[in-house]
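Reminder, nothing fancy here: chain letters follow the sequence lines and each chain counts from 1.
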Amino acid sequence: MSEGTLYDAVWDRHRVRRLPSGQDQLFVGLHLIHEVTSPQAFGMLEERDLEVAYPERTHATVDHIVPTDDRERPYDDDAAESMMAKLEENVADAGLTFDHPDTGRQGIVHVIGPEQGLTQPGMTVVCGDSHTATHGAFGALAFGIGTSQIRDVFATGTVAMEKQAVRRIEVTGELGDGVTAKDLILTIIGELGTDGGVGYVYEYGGPAVESLSMPGRMTVCNMSIEGGARAGYVNPDETTYEWLSETDAFEASPGKFADRKGYWESIRSGDDATYDDVVTIDAAEIEPTVTWGTTPGQTVGVSEPVPAPETLPSDDRAVAERAQDHMGVEPGEPMAGFPVDVAFLGSCTNARLPDLRAAAEIVEGHEVADDVRGLVVPGSQRVKAAAEREGLDEAFRAAGFEWRGAGCSMCLGMNDDQLEGDEVCASSSNRNFVGRQGSADGRTILMSPEMVAAAAVTGEVTDVRELAAAPEVAR
Amino acid sequence: MSAPDGDDAVDAPAVERVTGTGVPVRGNDIDTDQIIPSRFLKVLTFEGLGEFAFFDQRYENTGPDADGGETAESPTDHPFNEEGFQDANVLVVNANFGCGSSREHAPQALQRWGIDAVVGESFAEIFAGNCLALGIPTVTAETEEIEALQDHVETHPDTEITVDVADERVSYADREIDAAVDPAQHQSLVAGEWDTTALLGSNPEQVAETAASLPYTDR
């Protein structure tokens with residue numbers, strides 16, 4: 001078993017007791033909720049005549065069903081309206097803080113927590129959402145839970161969990177130009193597999209991870225679950241503290257910040273920490289990476305050939321054949337040049353300000369290709385406002401993108417933002433599952449925001465490094 | 001049967017074994033979006049989700065219709081459509097079943113369709129945890145054993161299968177398979193302690209002490 005890691009330290013600090021099942025009862029430092037997975041849990045509380053035990057540690061937003069165009073109430077979609085109304089009722093009854101769209105703080109749950117400084121190093125963070133691992137970027141122990149567990153956390157402030165093994169993913173070297181945190185995590189999942197992380201928590205480290213910004217680290221941790229790991233984290237450092245010092249939580253409280261920093265430093269994995277497994281990845285080897293199939297582990301460098309199923313390990317062949325049939329990709333051909341119909345820039349993986357800035361830079365001097373629908377969906381109202389202050393909205397609009405309100409949007413198509421028929425989407429989101437983006441025949445190609453921008457303007461999957469080198473881009 | 005005492009007592013019967021007929025759903029990496037597509041998550045309760053289990057796999061043409069209902073045309077040969085499997089309660093799957101989203105709607109839909117136990121090569125963690133919270137065992141066995149069971153069930157849908165959680169065995173026809181059950185799942189199911197709310201709520205003072213010991217709970 002691991003020893004001396006951040007995971008061990010945070011686990012021990014939050015452990016209330018050992019349960020008869022052998023699991024531990026863990027105190028929850030931050031419980032984030034949204035409209036999709038919470039209503040049934042509130043319903044169960046009511047049935048059992050229970051109340052939210054730690055309302056001050058519980059924070060709500062609305063993201064999955066919220067429209068990104070016409071946000072006037074009532075929403076056009078009756079189901080969405082009823083979910084929003086239920087959330088409003090539930091949070092009012094329980095006395096919870098709610099980042100309602102009227103507050104200007106609404107956004108995707110994994111964008112707003114870090115943005116406001118709710119997410120802090122050394123905390124346990126849970127949410128009824130598998131991408132909760134995002135918060136691990138701050139050195140928090142963060143994981144997704146189901147609705148029955150949301151009920152547990154509401155009622156008791158705790159959750160029953162089994163301790164996992166820890167795998168250190170050491171990323172050496174430097175990412176090349178045009179290669180991003182998204183390419184790194186897609187490569188990691190491609191190498192370790194979609195179930196490689198089952199039973200593990202991932203600790204991401206090494207020079208290439210340490211040099212990432214907080215949004216970059218969030219992108220990496222966000223997709224831990226796509227590799228089967230329920231949680232992933234990065235040890236906190238000066239980059240983390242700088243981000244936190246500028247959040248609502250600490251901006252006006254230097255004393256509190258200094259106090260907390262002592263704790264944050266104390267929970268970092270020690271130099272002599274023991275891991276259950278260590279995997280090393282060379283950042284310099286990573287190319288802009290895209291998916292060719294229907295699992296996030298089916299990845300390839302954009303210019304490399306799509307693998308033939310018979311060349312893959314036997315367990316992966318049937319899945320690969322079905323995936324290639326669905327996608328219409330040819331083994332042996334590269335993904336570069338594959339035509340796209342939609343470009344989606346958004347989601348909890350890649351819709352923070354630096355993501356939008358980087359994509360806008362690629363778009364500059366170009367226009368969205370004919371017949372391509374380009375959609376930019378900022379991760380939060382604050383991201384949107386900040387982008388607008390920089391004129392990014394104008395840059396995207398001028399190029400022919402739609403500039404939308406904050407929400408999960410086309411990542412999973414629970415609002416009107418959906419693929420139609422067998423459209424192909426160049427997407428900065430996290431899942432390329434069949435049907436994920438709202439159409440059973442829809443096709444998703446995962447990539448970085450920069451690559452989405454490049455695909456939008458050329459109308460096909462494009463190596464962003466080649467586009468940026470083209471003479472019409474004046475840098 | 002053992003249920004927690006007190007006002008919030010909930011029926012969480014011990015699940016020592018599940019007996020019934022099987023339904024094979026083949027393929028690795030069957031994700032939660034296939035088990036229940038996200039458009040069916042626009043609900044306030046889990047009621048009625050059973051009919052939408054594997055919905056987009058069960059029909060060639062699906063999607064919301066103009067009246068707020070669902071189009072379902074051209075049924076496929078998905079096992080959940082087949083007459084012989086309609087009364088099955090043991091789902092037999094392959095590797096990494098339930099990967100993806102944390103949506104409890106996935107096991108809720110399966111349970112409401114009629115599934116009481118899942119036997120497979122391996123499961124995604126959040127999915128298995130969500131199953132446990134509903135008293136559904138997720139039992140694993142070797143690939144060859146699972147494939148043999150799937151083959152058998154396909155040709156003999158009436159065969160009775162016993163998923164013995166307590167003894168970690170799956171038996172059918174004249175065969176007996178060694179199966180593995182996660183230790184915490186084993187203990188929780190056999191003891192009837194899989195609904196954890198009462199248990200976790202039984203020591204509020206201790207929880208408050210842990211909370212107070214943390215350096216960030218002073219606001």
Inset, instruction - Identify which part of His105(B) has an atom lying under 4.5 Å from any heavy atom of chain A, answering side chain, backbone, both or neither. - result: side chain

Legend entry - Pick from Tyr263(A), Phe154(A), Phe143(A) with the largest number of heavy-atom pairs that fall under 4.5 Å of chain B: Tyr263(A)

Inset, instruction - Pick whichever of Gln418(A), Arg230(A), His131(A), Gln23(A) has the most heavy-atom pairs under 4.5 Å with chain B. - result: Arg230(A)

Inset, instruction - Would you kindly say whether Glu125(B) and Gln164(A) are connected by a side-chain donor-acceptor distance under 3.5 Å? - result: yes

Inset, instruction - State whether the side chain of Thr210(B) and the backbone N or O of Phe27(A) hold a donor-acceptor pair below 3.5 Å, judged by distance alone. - result: no

Inset, instruction - Give, as side chain, backbone, both or neither, the part of Pro37(B) having an atom under 4.5 angstrom from any heavy atom of chain A. - result: neither

Legend entry - Asp152(A) versus Thr196(B), side-chain donor and acceptor atoms under 3.5 Å: yes

Legend entry - Interface residue of largest heavy-atom contact number with chain B, from Ile65(A), Val153(A), Val28(A), Asp77(A), under 4.5 Å: Asp77(A)

Legend entry - Under 4.5 Å from any heavy atom of chain A - which part of Asp182(B): side chain

Inset, instruction - Can you tell which part of Ala208(B) gets under 4.5 Å to a heavy atom of chain A, answering side chain, backbone, both or neither? - result: both

Legend entry - Expected output: side-chain Asp29(B) to main-chain Thr295(A) donor-acceptor under 3.5 Å: no

Legend entry - Options Ala155(A), Gly29(A), Gly413(A), ranked by heavy-atom pairs under 4.5 Å with chain B, top entry: Gly29(A)

Inset, instruction - Indicate whether the side chain of Ser21(A) and that of Glu193(B) have a donor and an acceptor atom separated by less than 3.5 Å. - result: no

Inset, instruction - Tell me, for Phe123(B) versus chain A, whether the close heavy atoms (under 4.5 Å) come from the side chain, the backbone, both or neither. - result: backbone

Inset, instruction - Name the option with the most non-hydrogen atom pairs under 4.5 Å to chain B; the candidates are Gln120(A), Gln149(A), Arg17(A). - result: Arg17(A)

